[in-house]
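Nothing here was measured: the structure is a model prediction, and the numbers come from that model. Here is the naming used below: chain letters follow the sequence lines, and residue numbers restart at 1 for every chain.
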Amino acid sequence: MSKENKLTPRSQDFNDWYNAVVQMADLADYGPVRGTMIVKPYGWAIWENIQKALDTRFKATGVENAGFPMFIPLSFLQKEAKHIEGFAPELAIVTHGGGEELAEPLVVRPTSETIIGHAYSNWVQSYRDLPILINLWNSVVRWEMRTKLFLRTLEFYWQEGHTAHATSEEADARTRMMLDVYTDFAVNEAAVPVIPGEKSEMERFAGAVQTTTIEAMMGDGKALQAATSHNLGQNFAKAFEIQYLDENNQQQFAWTTSWGLSTRFIGAIIMTHGDDNGLVLPPNIAPIQVVVVPIYKTDDDKAALIAAANKLAQELKDAEITVKVDARENLSPGFKFNDWEMRGVPVRLELGPRDLENNAVVAARRDIPGRDGKQSLSLDGLAPNIQALLSEIQANLLAKATQFREDNTHAAASMEEFEQAVKTGFARVWWAGDTEDEIAIKEKTKATLRCFPHQQPGGNGICFYTGKPADRIAIFARAY
RNA sequence: CGGGGCGUAGCGCAGCCUGGCAGCGCACCGCGUUUGGGACGCGGGGGUCGGAGGUUCAAAUCCUCUCGCCCCGACCA
């Protein structure tokens, strides 16, 4: 083992580990402007797989994709009081264009509710025009103070869905439906267990009536908001006059929703599954599911092994598995093993002369490091076995992450118990406090109200903080 | 924006205190030997020492200003 290029152990310094993994796994790099990010091809390939998984699900619910301008008149944002109040501090504003000062400053979209509202007001006349179900794949800009690759950068890539409906009930149903989509994606594709729930008034999106969220626990016990789905009520419809004539020839305001998931989710995957050897990718999201490392001594061996590796790779490709053969010269097998582990490839196949003699190959699974994760598989009927192995890894990652979250989630009935719980993970508490209480708790413990889980135990309890009777459980945690 | 740390080859760093030829490891290029958990030998290439100004015979080194990055706070997907 070489002394150089060693990754900081995750347990030693989680933050340092994260930054190193992002760069050493070739996911992203820093841009020339503070707080900006260059997403490298391998990182982007993960994003593309996330996009594919989400886009399919969106379209299955009737959503269509569209493109909207990045420049928004500043006056648009000012039409919704809470919205501008929430976003004003983090706007990037364009004051000049074509060498001239602009009559009205343009903001670089921090999100598109306002320009969507403008368009929808033109598009909607009748109840027959509803619902409108549109999604945008784009990037947005928010001038953040402290940035971190994938988790918080000045510009980030995401999707933002925007829908308009005739009734409150429909908007509410759409808000829930999209949160369900995110939950399904997170759990079944990214193997990231999440808690779907509702945000408190304090944590709500600027301009929303209700914000729902999926919250995940990272490897250091901190919470990450992995996606949100907002019920905007009639706030934006009123600000932008999205009105329609109903069946009774009465003017009505529409009801709108918005929902988004960003490249931040890549950060969630890194911090949920990664280990001391680097990135660990769930097979369903991994750009490369299987890497084949041929091992040889002589030139004769080399030719035979590379041929065998390519043949094997083709068999796997035919079975819809994404494979790469690492035939790089002058790199030792040991180096390649470590290299692909750093990049989180779920399965590595080691193919050497001994294996070829036995008509076999050594399969090493990324989720179980070292010798324990290795087994010899016959080259006959390999594809189904690899399929099964990938499924097993997918399931194991979810099980491990879920177990970790459970182990680090504690019920708290007192401030002492609460502080202990949020030191290492989530606190589950009965809650009847208000915004001021949330602020006080944040100042004292750094923990924030992540959500009121949709899945409630039922019954009543005593609020751990105010001592008042409470009918809801809340999750508190330190958060990213 | 406040507190702390740091900018020297692609990466990681030494040199700075006490001014005097810009170095080391990894990576990179060439040749040869190697290849089942981060190979080795020999030979090479690569730097306006973050930037500007100042002090000095002489500045990576001392002084002033400035830009940027990382960590901790306030703000947040």
Undergrad: If you assign A:Thr153 and A:Thr147 each to the RNA chain B nucleotide with the nearest heavy atom, which residue ends up on the more 5' nucleotide?
TA: A:Thr147

Undergrad: Is there a Watson-Crick or G-U wobble partner for B:C24 with both distances under 3.5 Å, and which nucleotide is it?
TA: B:G12

Undergrad: Is a side-chain N or O of A:Ser112 found less than 3.5 angstrom from the main chain of A:Ile115, in a donor-acceptor match?
TA: no

Undergrad: Rounding to an integer number of Å, can you tell me how far A:Arg343 CZ sits from B:G37 C1'?
TA: 17 Å

Undergrad: Should A:Lys442 be listed as having a side-chain N or O under 4.0 Å from OP1 or OP2 of B:C75?
TA: yes

Undergrad: Need one value for A:Gln225: base, sugar-phosphate or nothing, where a base atom within 4.0 Å counts as base even if backbone is also close, heavy atoms only.
TA: sugar-phosphate

Undergrad: Take atom P in B:G2 and the same atom in B:U61, then report the distance between them in whole Å.
TA: 26 Å

Undergrad: Could you identify the nucleotide paired to B:G30, looking across every strand shown and requiring Watson-Crick or G-U wobble geometry with both distances under 3.5 Å?
TA: B:C42

Undergrad: Please report the distance, rounded to the nearest Å, between CZ in A:Phe14 and P in B:C70.
TA: 18 Å

Undergrad: Measure from NZ on A:Lys148 to P on B:C70 and round the result to the nearest Å.
TA: 10 Å

Undergrad: Can you tabulate the close N/O pairs, meaning under 3.5 Å, that link protein atoms to atoms of nucleotides 32-35 of chain B?
TA:
residue : atom : partner  : partner atom : Å
B:U35   : O2'  : A:Tyr296 : O            : 3.1

Undergrad: Taking ring-ring contact (aromatic ring centres under 6.0 Å, His included) as the cut-off, I'd like each qualifying pair that reaches into residues 187-221 of chain A, sequence neighbours left out, listed once.
TA: A:His83-A:Phe205, A:Phe87-A:Phe205, A:Phe205-A:His230

Undergrad: Please report the distance, rounded to the nearest Å, between CH2 in A:Trp47 and P in B:A77.
TA: 16 Å

Undergrad: Measure from NZ on A:Lys446 to C1' on B:C71 and round the result to the nearest Å.
TA: 13 Å

Undergrad: Name the closest nucleotide to the A:Asn15 side chain, picking from B:A77, B:C71, B:G37.
TA: B:C71

Undergrad: Base, sugar-phosphate or nothing for A:Gln23? Non-hydrogen atoms, less than 4.0 Å.
TA: nothing

Undergrad: Using atom C1' of each nucleotide, how far apart are B:U18 and B:G30 to the nearest Å?
TA: 43 Å

Undergrad: What is the distance, to the nearest angstrom, from the CZ atom on A:Arg366 to the C1' atom on B:G37?
TA: 13 Å

Undergrad: Centres of the A:Phe418 and A:Phe476 rings: under 6.0 Å?
TA: yes

Undergrad: Should the pair A:Phe156 and A:Trp158 be assigned to parallel (<30°), tilted (30 to 60°) or perpendicular (>60°) ring geometry?
TA: perpendicular

Undergrad: Partners of A:Ser376 by side chain to side chain contact (heavy atoms under 4.5 Å, CB included), sequence neighbours excluded?
TA: A:Ala360

Undergrad: Quickly, which of A:Tyr480, A:Trp47, A:Phe185 forms a ring-ring contact (aromatic ring centres under 6.0 Å, His included) with A:Phe265? Name it, please.
TA: A:Phe185

Undergrad: Would you sort out whether A:Thr445 and A:Glu419 count as a side-chain hydrogen bond (donor to acceptor under 3.5 Å, both in side chains), showing the intermediate values?
TA: CA-CA 7 Å; A:Thr445 68; A:Glu419 294 197 77; over 6 Å; no

Undergrad: Could you check which of B:A74, B:G38, B:G36 has an atom nearest any side-chain atom of A:Asn338?
TA: B:G38

Undergrad: Taking any heavy-atom pair under 4.0 Å as a contact, classify A:Val293: base, sugar-phosphate, or nothing.
TA: nothing

Undergrad: Please state whether the base of B:G38 and the side chain of A:Asp339 form at least one donor-acceptor pair under 3.5 Å?
TA: no

Undergrad: Heavy atoms under 4.0 Å, any strand shown: does A:Phe265 hit a base, just sugar-phosphate, or nothing?
TA: nothing

Undergrad: What contact category does A:Arg328 fall into here, base, sugar-phosphate, or nothing, at under 4.0 angstrom with non-hydrogen atoms?
TA: nothing

Undergrad: Looking only at atom P, what distance separates B:U48 and B:G43, rounded to whole Å?
TA: 26 Å

Undergrad: Who does B:U61 pair with, Watson-Crick or G-U, both distances under 3.5 Å?
TA: none

Undergrad: Output the rounded distance in Å from CG (A:Leu149) to P (B:C71).
TA: 9 Å

Undergrad: Which pairs, with at least one residue in residues 341-376 of chain A and sequence neighbours excluded, count as a ring-ring contact (aromatic ring centres under 6.0 Å, His included)?
TA: none

Undergrad: Would one find a side-chain N or O of A:Lys374 under 4.0 angstrom from OP1 or OP2 of B:G37?
TA: no

Undergrad: Using purine N1 to pyrimidine N3 plus N6-O4 or O6-N4 for Watson-Crick, or N1-O2 and O6-N3 for G-U wobble, each under 3.5 Å, what pairs with B:G2?
TA: B:C72

Undergrad: Using atom C1' in both nucleotides, what's the gap between B:C13 and B:G20 to the nearest angstrom?
TA: 24 Å

Undergrad: With a cut-off of 6.0 Å (strictly less than), are more than 12 heavy atoms of other residues, nucleotides or ligands near CH2 of A:Trp44?
TA: yes

Undergrad: Is the distance from OP1 or OP2 of B:A77 to the nearest side-chain N or O of A:Arg142 less than 4.0 Å?
TA: no

Undergrad: With nearest nucleotides of RNA chain B determined for A:Arg146 and A:Phe156 from heavy-atom distances, which residue corresponds to the more 5′ nucleotide?
TA: A:Arg146

Undergrad: Looking at residues 175-191 of chain A, who's got a heavy atom less than 4.0 Å off RNA chain B?
TA: none

Undergrad: Roughly how many Å apart are B:G15 and B:A59, using the C1' atom of each and rounding to a whole number?
TA: 14 Å

Undergrad: So what does A:Leu151 hit on the nucleic acid, given a heavy-atom distance under 4.0 Å: a base, only sugar-phosphate, or nothing?
TA: base

Undergrad: Measure from the side chain of A:Phe335, starting at C-beta and using heavy atoms only, and say which of B:A39, B:A77, B:A74 lies closest.
TA: B:A39

Undergrad: Using the C1' atom on both, measure B:G37 against B:A74 and round to a whole Å.
TA: 47 Å

Undergrad: Which atoms form the tightest heavy-atom contact between A:Phe150 and A:Met37, and what is the distance?
TA: N-SD, 3.4 Å

Undergrad: For atom P, what is the distance between B:A22 and B:G47, given to the nearest Å?
TA: 13 Å

Undergrad: Would you call A:Glu189 and A:Arg57 a salt bridge, using N to O less than 4.0 angstrom?
TA: yes

Undergrad: Both distances below 3.5 Å, Watson-Crick or wobble geometry, any strand: find the nucleotide opposite B:G7.
TA: B:C67

Undergrad: Please, which pairs that meet side-chain hydrogen bond (donor to acceptor under 3.5 Å, both in side chains) have at least one residue in residues 264-283 of chain A, sequence neighbours excluded?
TA: A:Asp275-A:Arg366

Undergrad: Between the base of B:G37 and the side chain of A:Arg371, is there any donor-acceptor pair under 3.5 Å?
TA: no

Undergrad: Test A:Arg348 against A:Glu350 for salt bridge (Lys or Arg N to Asp or Glu O under 4.0 Å), laying out the working first.
TA: CA-CA 6 Å; A:Arg348 179 181 68 245; A:Glu350 308 172 7; 3.0 Å; yes

Undergrad: State which of B:G36, B:A74, B:G37 makes the closest approach to the side chain of A:Arg354.
TA: B:G36

Undergrad: Contact class for A:Gly35 (heavy atom, under 4.0 Å): base, sugar-phosphate, or nothing?
TA: sugar-phosphate

Undergrad: Can you tell me how far C1' of B:C75 sits from OH of A:Tyr480, to the nearest Å?
TA: 17 Å

